[in-house]
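Structure first, then comments.
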Protein chains: 2
Amino acid sequence: MTEIPDQDIEASITADDVAALAGVSRWTVARAFKKDASISRKSRDKVMAAAEKLGYAPDLLAASLASDRSNLVALITNDFNNPHKLVLLERLTRTLWSHGWGTLLVHMSDSDDASAALLAASQRRVDAAVMMGTRFDDKVLETALGARRVKKLVIFARYSPNPNTLTISCDDVLAMREISDHLLTKSIRRPHYIAGPNTQSAKLQRKESFARYWAEATGAEVPVTYTSGYDFNAAIEAVMQIFGETPREVWPDALVCENDILAIGAMDALRYRFGLDVPRDVAVTGFDDIPLAASPAYNLTTYRQPITEMCLKLLEILDSKRSDSVFVPGRFVTRTSS
Amino acid sequence: MTEIPDQDIEASITADDVAALAGVSRWTVARAFKKDASISRKSRDKVMAAAEKLGYAPDLLAASLASDRSNLVALITNDFNNPHKLVLLERLTRTLWSHGWGTLLVHMSDSDDASAALLAASQRRVDAAVMMGTRFDDKVLETALGARRVKKLVIFARYSPNPNTLTISCDDVLAMREISDHLLTKSIRRPHYIAGPNTQSAKLQRKESFARYWAEATGAEVPVTYTSGYDFNAAIEAVMQIFGETPREVWPDALVCENDILAIGAMDALRYRFGLDVPRDVAVTGFDDIPLAASPAYNLTTYRQPITEMCLKLLEILDSKRSDSVFVPGRFVTRTSS
DNA sequence: AAGGAATTTGCTCGCGGGTGCAAATTATTC
DNA sequence: GAATAATTTGCACCCGCGAGCAAATTCCTT
């Protein structure tokens, strides 16, 4: 009979050690740790007792290598200015984790392309890569996908028509129709759309949707200003430009912002640079419903993305129960900024 | 001569394939990809050419298994309400990534303890675990460390006296002295400290430091209110309590907040619930210098953590060039809220 | 050109556990 | 109780690469 070493000696405990202690084979130990494996009640108990005694936990690295399944998902993102990212991150990690998935966070700096991030992910054998509300270039993506195999590539909270890609996103079209209808009931005449940087791909569909509905309803075109980034300073600049360079008579009476952080910057600019009142002089709407949107300082009318549902859809994709893009309706949140 | 398979056939390319194409052994391929390995210029070129042709990239999983070094760091956190977390996350991932470290993000829900997170991390063989600005229980930590070996455990942007642990943190003591001095020059008489939840361990040293300096300078004690969490609603409640339950004559003339998100909530409460002016009626200071602190709406006086330096210290620890705790001075940022 | 040092290359063995099948055990039927 | 079916267990082989040493090659020196 082999000596079982004291449990705190440097060497780590493997399935073999547990097997020896439990008096079974290594493979029985593996089965004990596997959901619905073919194993008798008795041996499982024996194994579990031995495992607990030794403080054994399966090595996920070795398991991934052997099984070609890592239970790892790469979360790729590049825009860390938006507090909404934090919400997405939190929900994604929590949901995935509670379903047995680990998350590898890959920060893709704006300058470099997606390939490096995807390559790094694939080198760790992730089962899927999730581009999280991230702008990226479709062409780069194409080549990256060609060269390096990432089993599944999901675009989360954003939209890409790339056929090698799955989109999970809020239903922007529906959302903008609601915002549009809302502004109409508030007798808005001249809305102005404030969009993030104008990128080639992986965009949101908010601007187009809003413009289309507004044109359908009123026949008027919606002017658009693109900011230099998704942060409130960029929004302040945009508002300075819009209101600074046009005569007061043609000032917009509503700012429809692509997301909350732009909306908050816009509100600050309106109030502190132009002394305007929101919503009396200008109404403002956002998108995402970040925590700050509910603060008494902003009370922002916005649209909440259905993150929980979106996470569930992601799980379905990971479990291969789904393989098509999906657009989930969110919820319009009316507050006093409009 | 072996047939080289077309590069896009399902099977993934291993070092063996590259070796065959380059006409060298598998180990030479490995050396070509290793910094300062003993290999001739000629073979390295041959290997690299072959690798590029096949689209080969080393499998990091297999490498970790074989070498007992994963180049993976677990980032463990649990408080996703604070936008400052996003800054920390961004910096950490980016710094680590650019130095060859992958980051495993582990979300530790407030309810459960650190053990589960640490266990999960160790199962993936992380080289180190970083608790990121996270409250946790020291006792749990102790047992978790005993049972499961995580090679290095770093407490980042927080402090723990646990000897199995390394702390990398902003120098809170210095910081609070500066804030304290600043308030004295502004003739503040009755500061009130707003702290986050009162936890057992892994706390910040801000409250004690401020109270101590203030007492040294004025002989007065600083009253403290603990919020129920690090979000601005909790701060609003705290302010409601402080100002709602005491007569106007003894209202504080400054709110020293443990971080920016509390400070912002406090300012909102002062302005919108009590109609007070900041800083004329009450001065407010924060900590962290989150992006919003610079917005025209808040213009918050705060203290910026030296995140860049802290990340560099972390790298030193990962590379085993350092094995002691370190407290880095940050920078006091004066704005108009005080 | 020979001898030795320095450099480069190849190889055995192992990291820890999964797959899929064959052997062994247990349960079921008549 | 024997024969068969169902369940449980054991095993050879593999996943892709690294440590460390031995063999082979190259470079220097005299």
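On a predicted model such as this, the values are computed, not experimentally measured, just so you know. Labels below follow one simple rule: chain letters A, B, ... track the order of the sequence lines, proteins then strands, and each chain is numbered from 1.
A straight line from CZ of B/R44 to C1' of C/dT9 spans 14 Å, rounded to a whole angstrom. In this structure, the NZ atom of A/K46 is 11 Å from the C1' atom of D/dT9, given to the nearest Å. Look at CG on B/L60: it is 10 Å from P on D/dC17, rounded to the nearest Å. Rounded to a whole Å, the NZ atom of A/K42 is 14 Å from the C1' atom of C/dA27. The interatomic distance linking B/I39 (CD1) with D/dG18 (C1') rounds to 15 Å, in whole Å. When rounded to the nearest whole Å, the span between CG of A/D59 and C1' of D/dC15 equals 13 Å. Per the geometry, CG belonging to A/L61 stands 13 Å off P belonging to D/dG18, to the nearest Å. Per the geometry, CZ belonging to B/R124 stands 17 Å off C1' belonging to C/dC15, to the nearest Å.
Of the two residues near DNA chain D, A/R26 and A/R31, the one whose nearest nucleotide lies more 5' is A/R31. Along DNA chain C, the nucleotide closest to B/R41 and the one closest to B/A66 are compared, and the more 5′ of them pairs with B/R41.
When all heavy atoms of A/A22 and A/V47 are compared, the pair lying nearest together is CB-CA, 4.1 Å. In terms of heavy-atom proximity, B/F33 sits nearest to B/A51 at CZ-CB, 3.8 Å.
Judged by atom type and distance alone, B/W27 does not reach the base of C/dT8 through any side-chain donor-acceptor pair under 3.5 Å.
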Next on the checklist: If you apply the rule salt bridge (Lys or Arg N to Asp or Glu O under 4.0 Å), what do you find for A/D127 with A/K152, and how did you get there?
Outcome noted: CA-CA 7 Å; A/D127 291 331; A/K152 289 171 188 171; over 6 Å; no
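The phosphate of C/dT19 (OP1 or OP2) has a side-chain N or O of A/K34 nearer than 4.0 angstrom. Put simply, A/S67 has no side-chain N or O that comes within less than 4.0 Å of OP1 or OP2 on C/dG17. OP1 or OP2 of D/dC15 has not a single side-chain nitrogen or oxygen of B/T14 nearer than 4.0 Å. When the side-chain nitrogen and oxygen atoms of A/S40 are compared with OP1 and OP2 of C/dT26, none of them lie within a distance under 4.0 Å. Note on B/S25: a side-chain N or O is less than 4.0 Å away from OP1 or OP2 of C/dG10.
Under the 3.5 Å distance criterion, the side-chain polar atoms of B/R44 are matched with a main-chain donor or acceptor of B/A32.
Counting heavy atoms from C-beta outward, B/T103 and B/W97 have side chains that stay 4.5 Å or more apart.
At a threshold of 4.0 angstrom between heavy atoms, the contacts of A/S38 include nucleobase atoms, whether or not backbone atoms are also involved. Within 4.0 Å of A/R125, counting heavy atoms only, lie sugar-phosphate atoms of the nucleic acid but no base atom. At the heavy-atom level, B/L65 lies under 4.0 Å from base atoms of the strands shown. Residue-level contact check: B/S43 touches the backbone only, with heavy atoms under 4.0 Å from sugar-phosphate atoms and none from bases.
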